[in-house]
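Notes follow the structure.
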Amino acid sequence: MKRWLLPLLALAAYGGGACSCGAGAGSAPAEAPPPPSRLHFSDGTTASGLDAFVHRNGSADNRTIDESFGAGVALFDADGDGDLDAYLCNGGDAAGNGAPNAFFRGDGEGHFVEATEEAGFTHADWSYGALARDVDGDGDTDLYVTNRGANRLYRNVDGRFEDVAAELGVDDPRWSTGAAWFDYDRDGDLDLYVANHIELDRAAAARKPQDFFGLKVYFGPLGLEAQPDALYRQEDDGSFSDVSTEMGIDAVAFFSFQVVTFDWDGDGWLDLYVANDSTPNLLWHNQEGKGFVDVAKQCHVALSVSGDPQAGMGVAVGDANGDGREDLYVTNFSEDYFTLYQRGAGDQFRDVTAPSGLYRVTLASLGWAALFEDFDADGDADLFVANGHVFPQVDELGRQTAYRQENQLFENEGAGRFRVPTGGGGPGMAVLAASRGSAAGDVDGDGDLDVLVGNLDGPPTLLVNESEVGSSLALNLIGSGRNRDAIGAVVRGRVGARHLVHTIGAGSGFLSTGDLRPTFGLGEATTLEGVSVRWPDGSEMSIGELAAGQLHTLTQGQGVSASTPRKP
């Protein structure tokens with residue numbers, strides 16, 4: 001069944017779900033209107049200087065499937081000055097030739113200056129995703145870029161980058177999309193999972209368009225050959241070995257997009273969730289570093305509630321309902337719903353999209369990046385979604401969807417119930433674009449989280465957070481060995497009766513990297529209580545409580561090694 005013709009059967013399964021009916025005689029009194037939202041974002045792209053970059057993505061009508069997505073972004077501190085810099089993935093021309101990506105240095109106050117060649121980013125690839133991590137544990141953040149063709153691993157040498165992917169064995173030559181750095185075998189260094197997509201003959205694909213409600217659009221993904229994903233183990237000398245077959249990863253081949261890491265069953269070993277287009281999603285259960293087994297169907301995160309594969313694009317990992325357990329939110333195609341999977345008993349998941357208020361609001365959208373972040377710092381996770389269709393021709397149909405779409409912001413009202421905020425979240429959310437990648441981070445140093453969005457065939461969008469926010473704190477974790485970023489560490493804390501949890505480096509979004517330093521919103525509270533860390537090697541650390549208004553550095557084996565003031 002084609003993904004855009006999926007039947008909308010979910011309401012029946014939800015027992016009525018989000019149906020809105022008029023009140024009749026004897027009905028309950030109408031509920032009071034919700035309080036005004038505090039969420040407000042403005043478009044700060046021009047003021048930031050990031051509009052100097054314009055993404056290129058081949059033909060104007062997306063003639064082949066490789067032109068339909070990309071535009072991954074990364075927010076990371078490339079030069080160690082404490083400010084977030086920006087890396088923007090580019091596509092290429094209509095002939096399929098790649099265009100240079102772009103790098104901008106940030107000043108910590110929301111302004112950026114291009115420094116692409118100065119930083120050593122001189123290659124012209126057709127790129128899709130950017131994953132920033134300290135791969136070798138030397139204290140500098142490196143960058144892995146996925147391409148349609150050989151991937152690149154840019155080693156950071158004092159703020160200048162050199163490609164060592166071929167030298168170290170991670171230059172996967174296939175069409176790669178998402179990626180995840182994580183220590184799957186708990187040996188103290190970072191391994192690499194690469195999500196691969198399709199074996200594509202561009203010329204052949206262009207000769208056989210498919211029908212979309214009477215329009216001729218690009219061919220695929222159904223009918224094309226999927227590529228298996230790959231797992232690379234880091235060795236003692238810093239090189240990598242392909243262990244995909246040994247670990248069971250290449251036993252299946254789907255149209256993979258985003259991959260995220262989190263400890264699904266709480267056994268101390270990081271698992272993987274992979275969103276796949278038009279094929280079942282995967283939940284790779286880590287068998288204590290000895291292999292991976294897909295348990296997605298058993299855990300009810302492979303298919304929609306009606307039992308159909310969806311068009312999984314992006315994934316957000318976060319605690320939607322404040323129970324201290326991480327949930328999954330997966331974006332999908334238009335005229336289908338985006339899915340909120342909530343953790344239930346026995347580490348199973350439940351599709352709670354409709355009762356959470358998230359069913360009808362996404363039916364006209366085609367979603368990509370998804371982010372769980374506490375944008376108003378009130379103690380619960382809000383939800384950001386980047387939208388944009390894949391077919392420019394859809395504008396000819398007069399349907400409720402369009403090629404360029406508004407992104408969406410959903411405010412968490414508590415206990416995992418979401419609503420569209422008053423005014424939609426501000427003028428920044430009204431920007432129309434074919435958005436794809438997104439990353440969150442405090443780019444202007446005011447203490448709240450902004451969002452950088454990558455757009456096809458145009459400049460990025462910098463959404464500046466001007467919300468009325470509560471108190472908050474941020475954490476900077478320093479791990480041991482080569483996993484200096486403490487990727488996979490799980491931080492827990494409490495604000496009153498609400499439990500907060502965050503996995504460092506989980507990888508939410510779509511082909512993008514946000515700031516690794518998590519921000520915890522506290523609302524009116526002044527401390528985060530009951531703070532503990534389970535480090536990637538399984539060791540535990542109890543901190544007790546941490547004060548608001550600070551950036552706290554937690555070092556493995558030492559505890560709180562520094563606390564510096566931050567806003568607000």
Side-chain angles (χ1 to χ4, degrees), residues 3-4 41 43 45-46 50-51 53-73 88-94 96 98-99 101-102 126-130 148 177-178 197 212-213 215-218 220-221 257-258 275 277 311-314 331-336 338 362-371 384-409 424 427-439 451-463 509-512:
R3 61 185 184 270
W4 54 80
F41 284 81
D43 179 3
T45 311
T46 300
L50 290 172
D51 62 341
F53 172 79
V54 177
H55 182 272
R56 298 172 60 191
N57 208 56
S59 59
D61 55 354
N62 289 4
R63 206 164 298 147
T64 53
I65 191 171
D66 54 331
E67 299 177 343
S68 65
F69 64 92
V73 300
L88 304 168
C89 290
N90 212 340
D93 61 25
N101 299 335
W126 194 301
S127 298
Y128 289 88
R148 195 199 65 220
T177 50
H197 203 57
F212 178 77
F213 292 107
L215 298 176
K216 296 300 181 183
V217 298
Y218 68 72
F257 273 134
Q258 182 67 14
D277 188 4
M313 311 289 192
T331 59
N332 294 302
F333 209 80
S334 61
E335 301 186 59
D336 193 8
F338 306 168
T362 63
L363 290 179
S365 303
L366 197 161
W368 299 89
L371 303 170
F384 170 84
V385 178
N387 295 318
H389 214 282
V390 294
F391 304 137
Q393 301 89 340
V394 75
D395 293 338
E396 302 174 26
L397 292 176
R399 301 176 73 87
Q400 291 185 339
T401 191
Y403 181 61
R404 291 176 173 80
Q405 301 178 6
E406 294 182 358
N407 298 324
Q408 292 175 291
L409 188 63
M429 303 304 299
V431 174
L432 291 173
S435 297
R436 298 297 189 261
S438 299
V451 179
L452 177 62
V453 184
N455 302 317
L456 298 187
D457 295 312
T461 304
L462 179 61
L463 296 172
F510 180 75
L511 316 186
S512 299

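Count residues from 1 along the sequence.
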## Note on the structure
Tightest non-hydrogen contact, residues Q393 and D61, listed as NE2-O, 3.2 Å
## Note on the structure
Given the options N62, V390, L432, Y403 meets side-chain contact (heavy atoms from CB on, under 4.5 Å) only with N62
### Task
To the nearest 0.5 angstrom, please state how far the CZ atom of F41 sits from the CG atom of L463.
6.5 Å
### Message
So H55 and N455, do their side chains get closer than 4.5 Å, heavy atoms only?
### Response
no
### Query
At what distance, to the nearest 0.5 angstrom, does CZ of F391 lie from CG of L215?
9.5 Å
### Message
Nearest 0.5 Å, please: how far is CD in E67 from CG in D93?
### Response
9.0 Å
### Query
Closest approach of S68 and L456, non-hydrogen atoms and distance?
O-CD1, 3.6 Å
### Message
Which heavy atom of T401 sits nearest to which heavy atom of S334, and what is that distance?
### Response
OG1-CB, 3.9 Å
### Message
Under the criterion side-chain contact (heavy atoms from CB on, under 4.5 Å), I'd like the reasoning laid out for L88 against L452: C-alpha separation, chi angles, the key distance, then a yes or no.
### Response
CA-CA 10 Å; L88 304 168; L452 177 62; 4.0 Å; yes
### Message
Set out, in order, the CA-CA distance, both residues' side-chain angles and the distance that settles side-chain contact (heavy atoms from CB on, under 4.5 Å) for D395 and H389, then state yes or no.
### Response
CA-CA 10 Å; D395 293 338; H389 214 282; over 6 Å; no
### Straight-line distance of F69 CZ to R436 CZ, nearest 0.5 Å
9.0 Å
#### Entry: L511 and C89: CA distance, side-chain angles, deciding distance, side-chain contact (heavy atoms from CB on, under 4.5 Å) verdict
CA-CA 10 Å; L511 316 186; C89 290; over 6 Å; no
### Side chain proximity check, T461 to D43, heavy atoms < 4.5 angstrom
yes
### Query
How about V385 and T362: do any of their side-chain heavy atoms sit closer than 4.5 Å?
no
### Message
With a 4.5 Å cut-off on side-chain heavy atoms, are S435 and N387 touching?
### Response
no
### Message
Within the structure provided, determine whether E406 and M429 are in side-chain contact (heavy-atom separation under 4.5 Å).
### Response
no
### Separation of F510 CZ from W368 CH2 (nearest 0.5 Å)
5.0 Å
### Query
Hey, what do you get for CG (L366) to CD (Q405), rounding to the nearest 0.5 Å?
6.0 Å
